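Below: the structure, in structure tokens.
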Amino acid sequence: YVCLILEKKVRIKDREEKLMPYPEMMIYGMRQELAQLGIEETKSPEAVESAVKETDGIVMVVVNSVCGCAAGGVRPGIAMALQNSEAKPDKAITVFAGADIDATDTARAYFTGYMPSSPSIGFLKNGELVEMFERRDLEGRPPTVIAQALVEAFNKHCTKTEAANN
């Protein structure tokens, strides 16, 4: 059988299309960059729904990615923003595009009015999108610029609390 790989989908002659997630060993370090910041990994649709529905206030949803702009700008920018802002989201979660496929679809369903893109960062208040950073807003920007934009979003939507500063 001949396999054609298109957009993380595989078509095997005379068989159905299947989504092929990235191997965990390939993305482990990329996941850890956000997990080490205290951002909760949500690998299932149920985990995404639970995080959004059970959080009063702002949830920052990060759609992580293997691309260079995620590695060179977005993940470091998120780290800088969280370290340098008094205001922070009440909860921060992440899904990994191309790995947590169903969880990513669930997270993106909250990003109404926006096409799927990764990396991306959405801010939800009580389940409603209040601010969105698409790939085009992040790609090619240095971490300091991304961090500043995120700090501005934090200050606009989030509260300053003792818990957020720990």
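Keep in mind that what you see is a predicted model, and the values were worked out from it rather than measured.
- Contact check on D90 versus K125 returns no salt bridge, with no Lys/Arg side-chain nitrogen under 4.0 Å from an Asp/Glu carboxylate oxygen.
- The distance from the OH atom of Y114 to the CD atom of E134 is 6.0 Å, given to the nearest 0.5 Å.
- Transitive grouping of hydrophobic side chains (ILVMFWY, heavy atoms separated by less than 4.5 Å) keeps V63 and F133 in distinct clusters.
- At a threshold of 4.5 Å between non-hydrogen side-chain atoms, the residues V61 and R108 do not count as touching.
- Checking side-chain atoms of T94 against main-chain N and O of I39 turns up no donor-acceptor pair under 3.5 Å.
- Note that CZ of R135 and OG of S117 are 8.0 Å apart. Values are rounded to the nearest 0.5 Å.
- Of the inter-residue distances, the one linking D137 atom CG with I121 atom CD1 reads 9.5 Å to the nearest 0.5 angstrom.
- Atom CD of E24 is surrounded by more than 12 heavy atoms from other residues, nucleotides or ligands within 6.0 Å.
- Atom CG in L37 sits 12.0 Å away from atom CE in M80 (nearest 0.5 Å).
- Here the shortest heavy-atom pairing between A87 and N155 reads CB-OD1, 3.6 Å.
- Checked against F123 for a side-chain contact (heavy atoms from CB on, under 4.5 Å), the options K156, M132, E131 give a single hit: E131.
- For the pair I58 and F154, the minimum side-chain heavy-atom distance is 4.5 Å or more.
- Two residues are said to be in side-chain contact when any heavy atoms from C-beta on lie closer than 4.5 Å; Y110 and V52 meet this criterion.
- Shortest non-hydrogen contact noted between A99 and P21 is O-CB, 3.8 Å.
- L150 and V59 fall into different hydrophobic clusters, defined by Ile, Leu, Val, Met, Phe, Trp and Tyr side-chain heavy atoms under 4.5 Å apart, directly or through other members.
- Interatomic distance, CG of D100 versus CD of E41, reported as 7.5 Å (0.5 Å rounding).
- For E54 and K91, the salt-bridge test fails: no basic side-chain N is under 4.0 Å from an acidic carboxylate O.
- Between S118 and C67 the shortest side-chain heavy-atom distance does not fall below 4.5 Å.
- Put simply, CD on Q36 and CZ on R31 are 13.5 Å apart, with the number rounded to the nearest 0.5 Å.
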